[in-house]
Number of protein chains: 2
Amino acid sequence: MNRSLTRRQQEIYDFLSQHGSEFEHPPTLDELCNALGLSSKGSLHKQIQALVDAGLVEPMNNQRRGVRLIQEEDHTALPVLGYIAAGHPIEAIEQRETIQVPELLRTARPCYVLQVRGDSMIEDGILDGDHIVIEQREQARNGEIVVALIDGSDATLKRIEQRPGEVILHPANSQMSPMRFSPDQVSIQGVLVGQMRVYH
Amino acid sequence: MNRSLTRRQQEIYDFLSQHGSEFEHPPTLDELCNALGLSSKGSLHKQIQALVDAGLVEPMNNQRRGVRLIQEEDHTALPVLGYIAAGHPIEAIEQRETIQVPELLRTARPCYVLQVRGDSMIEDGILDGDHIVIEQREQARNGEIVVALIDGSDATLKRIEQRPGEVILHPANSQMSPMRFSPDQVSIQGVLVGQMRVYH
DNA sequence: CCCTTATGTTCTATGTGTGTTCTATTATAG
DNA sequence: CTATAATAGAACACACATAGAACATAAGGG
């Protein structure tokens with residue numbers, strides 16, 4: 001889809017990117033002309049139409065200040081919802097953040113990313129600061145590592161064991177003990193499908 | 001398809017590779033002529049046409065600045081060179097393989113990916129089967145985890161400690177012992193900058 | 001509600017940068 | 001010598017860009 005833009009179109013696109021991050025409202029055609037050193041908004045309009053056709057700018061049907069860039073979503077990116085530390089609610093990140101996730105590390109189902117806090121899974125090779133990829137689903141098989149919500153408030157990352165009448169959450173840290181709950185206390189938020197770590 | 005290029009064609013191709021990584025827009029034929037010391041764009045055009053026929057350059061149908069190299073490279077992908085197991089040469093993969101690597105997990109320098117075999121770094125959270133991202137360089141700071149080549153043949157992934165007159169490679173496995181070498185026995189192949197694991 | 005103003009849309013005309021094609025000439029290798 | 005590669009240069013065709021006028025539509029004020 002990223003067809004080649006002409007030099008001028010690229011210039012206009014770059015200016016729009018720049019402008020969009022600085023000002024709340026898109027510019028008018030006249031303002032654009034002024035900024036780009038053009039004297040004919042008719043010419044400019046033609047260029048912008050090319051960007052619309054290229055799928056980079058929203059179609060502006062007679063709207064004022066309608067020159068808005070289409071923010072094309074990166075299909076390889078997933079939202080980073082926040083931090084997960086054993087025994088605390090998931091701590092949301094202020095502004096919406098995303099991170100690229102290789103296809104290999106995700107599944108066809110909806111996934112999201114959390115950042116790990118703490119050492120509760122250290123013996124399974126999940127360290128403090130790691131990014132983990134979670135597949136969003138409400139059921140898990142025994143032995144899977146899940147994001148579990150306890151009593152509707154506290155989230156934790158543990159290996160799950162579901163027995164008749166009870167649910168056991170196993171940490172991977174010999175200094176911590178498995179936790180037992182009744183099934184109605186525990187709701188599964190997702191299952192671990194990938195993990196990433198930065199060393200630099 | 002990859003028929004042999006003539007001397008001039010190779011030269012042009014090389015220049016285009018160079019240019020493409022530096023400038024956003026492809027050059028015009030005139031610019032190319034100038035850069036290559038030609039005075040006839042007609043001649044150049046013929047050469048470029050040969051590159052098009054060879055499948056190395058996109059067909060430029062009357063487009064301005066249409067001299068683009070064909071590149072199907074996914075910029076988020078890195079080559080997977082093979083498996084690394086302590087004390088063996090890196091086992092190359094038959095067919096060239098690549099894997100997507102998030103920007104966060106790589107650096108600006110050239111990087112490649114290996115897959116880990118064995119548990120020698122298990123206590124640092126690097127498990128059998130993990131994919132690791134290696135930044136290609138020949139020097140390392142003490143404490144960094146490196147791909148080291150011992151005696152020119154055996155590759156291994158260890159934490160490095162460089163002392164005057166000796167190099168110590170530390171595994172992260174209490175059942176294994178640090179290994180000592182003289183500096184001329186050890187050559188650093190790269191430094192660990194990222195790690196990924198699949199759980200599904 | 002109408003009028004004005006600001007702004008987006010459409011059209012024609014024009015210039016020029018740039019790719020294309022051609023012919024002719026000169027190297028270079030076998 | 002012959003064939004291939006490489007070059008120059010002219011002539012051409014078209015993509016790209018621009019200006020400017022005229023028209024259409026939205027927004028706001030009286």
Side-chain angles (χ1 to χ4, degrees), chain A residues 1-20 22-71, chain B residues 1-20 22-71:
Chain A
M1 149 166 151
N2 197 3
R3 69 164 104 315
S4 62
L5 299 179
T6 68
R7 216 174 3 160
R8 198 49 154 169
Q9 286 160 13
Q10 184 70 50
E11 191 181 341
I12 295 173
Y13 181 84
D14 291 344
F15 180 86
L16 288 174
S17 306
Q18 173 84 14
H19 188 282
E22 288 183 25
F23 300 89
E24 183 155 8
H25 293 288
T28 64
L29 291 191
D30 284 328
E31 288 170 358
L32 266 178
C33 278
N34 212 332
L36 294 167
L38 289 178
S39 57
S40 159
K41 57 182 174 181
S43 314
L44 177 67
H45 182 269
K46 194 174 170 187
Q47 300 284 24
I48 296 204
Q49 203 54 45
L51 290 176
V52 172
D53 294 341
L56 297 173
V57 171
E58 290 182 20
M60 44 185 298
N61 301 313
N62 284 317
Q63 295 182 33
R64 309 290 116 134
R65 297 179 177 274
V67 188
R68 302 175 171 277
L69 291 183
I70 288 182
Q71 73 294 13
Chain B
M1 138 176 138
N2 196 2
R3 70 168 110 292
S4 62
L5 299 181
T6 67
R7 189 184 76 252
R8 199 48 153 168
Q9 286 161 12
Q10 186 66 50
E11 190 181 343
I12 294 173
Y13 181 84
D14 291 342
F15 180 85
L16 287 175
S17 306
Q18 171 83 15
H19 188 282
E22 287 183 27
F23 300 90
E24 183 149 13
H25 291 282
T28 64
L29 290 191
D30 284 329
E31 287 170 359
L32 265 177
C33 280
N34 212 334
L36 294 167
L38 290 178
S39 56
S40 159
K41 57 182 174 180
S43 318
L44 177 66
H45 181 268
K46 193 174 172 186
Q47 302 285 21
I48 294 199
Q49 204 53 47
L51 290 175
V52 172
D53 294 341
L56 297 173
V57 171
E58 290 183 21
M60 44 185 299
N61 303 313
N62 281 317
Q63 293 183 30
R64 310 293 111 138
R65 296 177 178 274
V67 188
R68 303 174 168 278
L69 292 184
I70 287 188
Q71 49 183 5

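So that the names make sense, note that chain A is the first sequence line, chain B the second, and so on, each numbered from 1.
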- Query: What does L38(A) touch in the nucleic acid at a heavy-atom separation under 4.0 angstrom: a base, only the sugar-phosphate, or nothing?
  - Reply: sugar-phosphate
- Minimum heavy-atom distance between V52(B) and E58(B), given as atom pair plus value: CG2-O, 3.9 Å
- Message: When you compare the side chains of D14(A) and Q18(A), does any donor N or O come within less than 3.5 Å of an acceptor on the partner?
- Response: no
- What is the distance from CD1 of I48(B) to P of dA6(D), rounded to the nearest Å? 13 Å
- Taking all non-hydrogen atoms of both residues into account, name the closest pair between H19(A) and P26(A) and its distance. CE1-C, 4.2 Å
- DNA chain D: 5'-proximal contact among S40(B) and T6(A) (nearest heavy atom): S40(B)
- Residues forming a side-chain contact (heavy atoms from CB on, under 4.5 Å) with S17(B), sequence neighbours excluded: Y13(B), L69(B)
- Distance in angstrom units between L36(B) CG and dA8(D) P, rounded: 11 Å
Can you pull every protein N or O that's under 3.5 Å from an N or O on nucleotides 18-21 of chain C?
unit_1	atom_1	unit_2	atom_2	d
dT18(C)	O2	R64(B)	NH1	2.8
dG19(C)	OP1	R65(B)	N	2.8
dG19(C)	OP2	L29(B)	N	2.7
dG19(C)	N7	K41(B)	NZ	3.3
dG19(C)	O6	K41(B)	NZ	3.1
dT20(C)	OP1	M60(B)	O	2.3
dT20(C)	OP1	N62(B)	N	3.0
dT20(C)	OP2	H45(B)	NE2	2.5
dT20(C)	O5'	H45(B)	NE2	3.3

- Grab the CG-C1' distance between N34(B) and dG17(C) for me, whole Å please. 15 Å
- Note on the structure: For G66(A) and M60(A) the tightest heavy-atom approach is O-CB, 3.3 Å
- Per the end-axis method with five pairs at each terminus, what is the bend angle of the helix from dC1(C)-dG30(D) to dG30(C)-dC1(D), to 10°? 30°
- Message: If I take atom CD in residue E11(A) and atom C1' in nucleotide dA17(D), what distance separates them, rounded to the nearest angstrom?
- Response: 12 Å
- Item | Length of the line joining L32(A):CG and dT9(C):P, which is rounded to integer Å | 12 Å
- Query: With side chains defined as the heavy atoms from C-beta onward, is the minimum distance between L32(A) and Q47(A) less than 4.5 Å?
  - Reply: no
- Between V67(A) and P27(A) the two heavy atoms that sit nearest each other are CG2-O, 4.3 Å
- Task: Let me know the distance between CG of L44(B) and C1' of dA5(D), rounded to the nearest Å.
- Result: 14 Å
- Can you check side chain to side chain contact (heavy atoms under 4.5 Å, CB included) on V57(B) and I12(B), steps first, answer last? CA-CA 11 Å; V57(B) 171; I12(B) 294 173; over 6 Å; no
- Item | Exam field: side chain R65(B) to backbone Q63(B), donor-acceptor pair closer than 3.5 Å | no
- Task: Mind calculating the distance between CZ (R8(A)) and P (dA19(D)) to the nearest angstrom?
- Result: 8 Å
- Q47(A) CD to dA19(D) C1': how many Å, rounded? 13 Å
